[in-house]
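Notes follow the structure.
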Amino acid sequence: MSTPPGGHIELERAVDAIGVGRRHRQDYGDLAPLVESIRRNGLLQPITITLDGHLICGARRLAAIRQLGWKTVNVWVRSGVSDRLGQLLAEQDDNLLHKPLTPLEAAGLYRELKALLTEGATLRQEASRFQPAGTGEEDGAVNLTAPWAGSGEAAVQAAKMVTGRDSHTTMERIVRLEDLVADPTQPDAVRSRAAEEVERIRAGGKVYPAHLRMNAELSLAELDQLATDPTQSAELREQARAEAAGVREAEQDARAVELEHLAKDALARVRAAKKTGRKPRPRLTAVEPGEAVPYPLTVFLAIWDDLANWWAHHDPAEVGPALTDEQWARFEDTIAGTVAFADAARASRQAERRSEHIA
């Protein structure tokens, strides 16, 4: 029996006696190369378990040796990680060294770490408040991740533990989507949209557009609620219905950032009408059936803020050959339309300035 660094004790353990329990990694990826490596070279790095046989590090290695049919395996038995927070931190150390977590797996680990860090910070605050000075005694959990952050910093600290950077905004957006899916008080449309966005992320979709589309759906849900609220005036209910219909009409063609702004502005107009009792002219109705829906200035500004310096982030030598003929045609049409729009807007701007100068 040897004693590797870090207080581990190396032992031989029955594979079936190692408990995996609940882990945030759900997708082990392609195990074939790992299985072949272990078959050819043996297990170069033992898996790590707690004193009572629960897995800490090495879930993919354990899955691989089970595929190989091993009955026993050398393990490192480590003390000091029997509590839940210690196991989560050790699990994440293992993740950083091997296959990264998916965004949904990372969000699950982030959620639990944040809760435990917040709880630990609260315990330490209570201990420091009531503990006599100079006793040197601390709550046992506090020793795991010194220095502890206050509860207000738990999100940032948890995100850095999971991803190595301050990604707490992204993590919170995923957590919010999952919470909306599970919230029985939300309308069916909201829960359905949230579930759809979670599946998009699972399939490799981006989190930020999913967040924007979810914001739009929540604005639509409030518009729908106002449209059917018998305590509101008939005029307000009709305005809410028309505004929601206008947003949904634009939904097929609008980008996520555009859709969020459209829904936000529509809801703001209805809220203003509800507050003042006046009905402003709707701004999301096409002049003629089949024509493009006119967007407010806020959407224009959001689009160009989003596109600022876009060319600095793409290589034309890569983009040009990569686009299909259809994609290239759309790109050319967009450029031509943008140039024509800029010329018209510039002429209008100059005419306005000339009239101001004459006045």
Side-chain angles (χ1 to χ4, degrees), residues 22-27 88 101-119 151-159 161-163 166-229 232 240-241 243-271 274 284 298-299 302 306:
R22 180 170 65 86
R23 296 177 71 83
H24 292 86
R25 180 188 299 287
Q26 303 298 321
D27 178 14
L88 287 172
L101 295 171
T102 67
L104 294 178
E105 291 170 345
L109 181 57
Y110 162 83
R111 183 198 292 268
E112 192 165 359
L113 277 172
K114 177 187 170 186
L116 289 167
L117 289 171
T118 301
E119 179 184 358
S151 58
E153 302 172 0
V156 174
Q157 186 174 354
M161 288 177 177
V162 174
T163 67
D166 182 8
S167 58
H168 78 280
T169 299
T170 298
M171 295 292 100
E172 287 291 339
R173 286 168 176 165
I174 297 175
V175 167
R176 175 195 185 216
L177 287 171
E178 293 176 328
D179 287 345
L180 287 170
V181 173
D183 186 352
T185 67
Q186 294 293 336
D188 289 343
V190 168
R191 298 181 69 185
S192 177
R193 168 68 76 174
E196 178 183 333
E197 298 301 342
V198 168
E199 289 308 310
R200 283 185 178 180
I201 294 171
R202 193 187 312 278
K206 300 295 185 182
V207 174
Y208 183 55
H211 167 72
L212 296 178
R213 288 188 293 267
M214 195 68 246
N215 286 347
E217 189 63 47
L218 288 168
S219 293
L220 284 169
E222 187 170 343
L223 287 170
D224 290 342
Q225 188 274 326
L226 289 168
T228 57
D229 185 353
Q232 304 299 329
R241 186 204 63 75
E243 293 282 10
V247 174
R248 290 188 169 105
E249 181 181 348
E251 187 173 2
Q252 297 300 318
D253 300 321
R255 298 163 64 239
V257 65
E258 298 167 352
L259 183 64
E260 186 206 32
H261 278 274
L262 287 173
K264 180 180 177 182
D265 289 346
L267 179 59
R269 287 191 292 272
V270 175
R271 284 175 172 173
K274 178 182 176 183
L284 282 179
T298 53
V299 173
D306 196 42

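In this chain, numbering begins with 1 at the start of the sequence shown.
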### Message
Would the distance check show the side chain of T163 and the main-chain N or O of A159 forming a donor-acceptor pair, the cut-off being under 3.5 Å?
### Response
yes
What are the two closest heavy atoms between [X] and [Y], and how far apart are they?
{"X": "V175", "Y": "A107", "value": "CG2-O, 4.1 Å"}
{"X": "V270", "Y": "A240", "value": "CG2-CA, 3.9 Å"}
{"X": "P103", "Y": "I174", "value": "O-CD1, 3.7 Å"}
{"X": "E217", "Y": "A189", "value": "OE2-CB, 3.8 Å"}
{"X": "A155", "Y": "H168", "value": "O-CB, 3.5 Å"}
{"X": "A216", "Y": "L259", "value": "CB-CG, 3.8 Å"}

Point-to-point distance, once rounded to the nearest 0.5 Å, from [atom1] of [X] to [atom2] of [Y]:
{"X": "L218", "Y": "Q186", "atom1": "CG", "atom2": "CD", "answer": "6.5 Å"}
{"X": "E260", "Y": "N215", "atom1": "CD", "atom2": "CG", "answer": "4.5 Å"}
{"X": "E196", "Y": "L177", "atom1": "CD", "atom2": "CG", "answer": "11.0 Å"}
{"X": "K206", "Y": "I201", "atom1": "NZ", "atom2": "CD1", "answer": "11.0 Å"}
{"X": "E258", "Y": "L212", "atom1": "CD", "atom2": "CG", "answer": "11.0 Å"}
{"X": "L262", "Y": "L267", "atom1": "CG", "atom2": "CG", "answer": "12.5 Å"}

Side-chain ion pair, [X] and [Y], N-O less than 4.0 Å:
{"X": "R271", "Y": "E222", "answer": "yes"}
{"X": "R193", "Y": "E197", "answer": "yes"}
{"X": "E251", "Y": "R248", "answer": "no"}
{"X": "D229", "Y": "K274", "answer": "no"}

### Query
For the side chain to side chain contact (heavy atoms under 4.5 Å, CB included) test, which of E172, M171, E178 pairs with R111?
E178
### Message
Do R176 and H211 make a side-chain contact, defined as non-hydrogen atoms from C-beta onward lying under 4.5 Å apart?
### Response
yes
### Message
Quick check: do R213 and R200 have side-chain heavy atoms less than 4.5 Å from each other?
### Response
yes
